[in-house]
Amino acid sequence: MAEETQKRRAVGRPPGRPSRISRRAIADAALAVGFDNLTLSTVGRQLNISHSALYRHIADREDLVILAIDRLLQRAEWPEPTGEWRADLREEAWTIWRLLNDHPGLVQEFLRLSRYPPEIMHRFAEIVQRLIDQGFTADAAFLAADTVYDLTVDVFSRGQQLDRRAGGVPFRVSSAEGLPETVGPLLAPLIRTALTEPTEVWFRRKLALVLDGIALSLSPKDPD
């Protein structure tokens, strides 16, 4: 009788189903699926389990997104400290930019969250502390890092909006039509250039401008 029961259990087990699913495995599966296709069902299929089984490990879809973002940041190759605040902030910004660029849908998911992923806060605290160690006040370090983080996310998401197609035409192109009548002949070519150049070009220029502003108003000054 016991042998027959054991056979029935063996037959009833889904093929390939792992005995245990960890939050790390769920996060890795979510990253394999991708943020632009992320649902509990797609992650469940990636792990060969039912999506309902995921609720034993996560609270809801937002928890899944945060788990995936945390894992992504843990796996990322972050720049080593240079000992120079400007280089540190610049490389931090470009690392975040590359993560957003390499993972379609990430920026949209991040902007929809109702709370920050812990790993982002850990990373942010680390760069703030690095600035403090280089002579910034705590308030100045926080403002500098927060400004650079916000700039990176805002410019990237704006670039995504410009690349979006409406009626088969990129938003960049449709926005450029009729510019002389709207803004006048002086600004029209400047705006047209801004719309047609890659977003990275303008991010580089804006980042340099922000770093110049930090140097002028927030960075530690040499004693006279």
Side-chain angles (χ1 to χ4, degrees), residues 21-47 49-78 89 91-128 142-172 174-175 194-195 198-200 202-204 206-207 210:
I21 296 295
S22 66
R23 282 175 63 84
R24 173 169 289 192
I26 294 171
D28 287 338
L31 294 178
V33 166
F35 289 98
D36 56 352
N37 193 36
L38 189 60
T39 66
L40 270 70
S41 295
T42 56
V43 172
R45 287 196 293 270
Q46 181 73 19
L47 292 169
I49 62 174
S50 67
H51 75 276
S52 59
L54 292 173
Y55 284 110
R56 301 171 190 165
H57 305 275
I58 60 174
D60 50 29
R61 186 182 182 279
E62 181 173 78
D63 191 27
L64 176 63
V65 172
I66 290 175
L67 187 66
I69 292 176
D70 276 346
R71 182 67 174 140
L72 174 63
L73 297 183
Q74 291 166 3
R75 287 170 28 174
E77 295 185 6
W78 294 97
L89 280 176
E91 292 308 309
E92 187 85 2
W94 279 109
T95 300
I96 296 170
W97 183 278
R98 287 189 291 270
L99 287 174
L100 295 173
N101 190 62
D102 292 344
H103 295 273
L106 171 58
V107 70
Q108 290 84 1
E109 292 289 358
F110 175 73
L111 292 174
R112 282 195 290 263
L113 292 176
S114 64
R115 63 188 189 277
Y116 287 118
E119 197 64 28
I120 286 182
M121 300 310 297
H122 171 77
R123 185 66 205 174
F124 181 76
E126 185 173 317
I127 192 66
V128 168
F142 179 91
L143 180 57
D146 189 55
T147 301
V148 168
Y149 269 54
D150 282 351
L151 174 73
T152 306
V153 173
D154 289 348
V155 175
F156 186 89
S157 60
R158 177 65 66 178
Q160 294 267 291
Q161 180 187 25
L162 292 175
D163 290 334
R164 189 182 64 216
R165 289 182 172 270
V169 179
F171 187 74
R172 293 177 184 274
S174 61
S175 297
L195 288 171
T199 307
E200 291 89 340
W202 284 91
F203 176 59
R204 190 180 302 277
K206 290 179 179 181
L207 179 60
V210 165

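Here, residue 1 is the first one in the sequence, and each next residue gets the next number.
- The backbone N or O of Leu73 lies less than 3.5 Å from a partner atom in the side chain of Trp78, making a donor-acceptor pair.
- When all heavy atoms of Leu54 and Gly44 are compared, the pair lying nearest together is CD1-N, 4.0 Å.
- Here the side chain of Gln46 pairs no donor or acceptor atom with the backbone of Ala32 at under 3.5 angstrom.
- Taking CG from Leu111 and CG from Leu106, the interatomic distance works out to 9.0 Å, rounded to the nearest 0.5 Å.
- In the model, Ser41 has no side-chain atom that pairs as donor or acceptor with a side-chain atom of Thr39 under 3.5 Å.
- Contact check for Arg61 versus Glu109: side-chain heavy atoms found under the 4.5 Å cut-off.
- Minimum heavy-atom separation, Ala145 to Ile127: CB-CG2, 3.9 Å.
- At a threshold of 4.5 Å between non-hydrogen side-chain atoms, the residues Val210 and Leu89 do not count as touching.
- For the ring-ring contact (aromatic ring centres under 6.0 Å, His included) test, residues two or more places apart in sequence or in another chain that qualify with Trp94 are Trp97, Phe203.
- The heavy-atom pair separating Ile66 from Pro118 by the smallest distance is CG2-CD, 3.8 Å.
- At a threshold of 4.5 Å between non-hydrogen side-chain atoms, the residues Val65 and Pro117 do not count as touching.
- Contact record, Leu31 with Ala68: CD2-O, 3.6 Å, taken as the closest heavy-atom pair.
- Shortest non-hydrogen contact noted between Gly159 and Thr199 is CA-OG1, 3.4 Å.
- Taking CD of Glu200 as the reference point, atom CZ of Arg98 lies at 11.0 Å (rounded to 0.5 Å).
- A donor-acceptor distance shorter than 3.5 angstrom exists from the side chain of Thr42 to the backbone of Asn37, with no hydrogens or angles considered.
- For the ring pair (Phe, Tyr, Trp, His ring centres under 6.0 Å) with Tyr149, the qualifying choice from Phe110, Phe142, Phe124 is Phe124, the only one to do so.
- Contacts classified as side chain to side chain donor-acceptor pair (under 3.5 Å) and involving residues 24-36 (residues at least two apart or in different chains) are given here: Asp28-Arg71, Asp28-Arg75.
- Tested against Leu207, the residues Val155, Val148, Thr152 include a single side chain to side chain contact (heavy atoms under 4.5 Å, CB included) partner, Val148.
- Here Leu40 contributes atom CG and Tyr55 contributes atom OH; the two are 4.5 Å apart, rounded to the nearest 0.5 Å.
- In this structure, Phe35 and Ile69 have side chains that are in contact, with non-hydrogen atoms separated by less than 4.5 Å.
- Of the possible polar contacts, none joining the His57 side chain to the Ile26 backbone as a donor-acceptor pair under 3.5 Å is found.
- Arg56 CZ to Ile21 CD1: the interatomic distance, rounded to the nearest 0.5 Å, is 10.0 Å.
- Closest of all the heavy-atom pairs between Ala30 and Val43 is CA-CG2, 3.9 Å.
- Going from atom OG1 of Thr95 over to atom CG of Leu100 covers 11.0 Å, rounded to the nearest 0.5 Å.
- Taking the side chain as every heavy atom from C-beta outward, Asp63 and Arg23 approach each other to under 4.5 Å.
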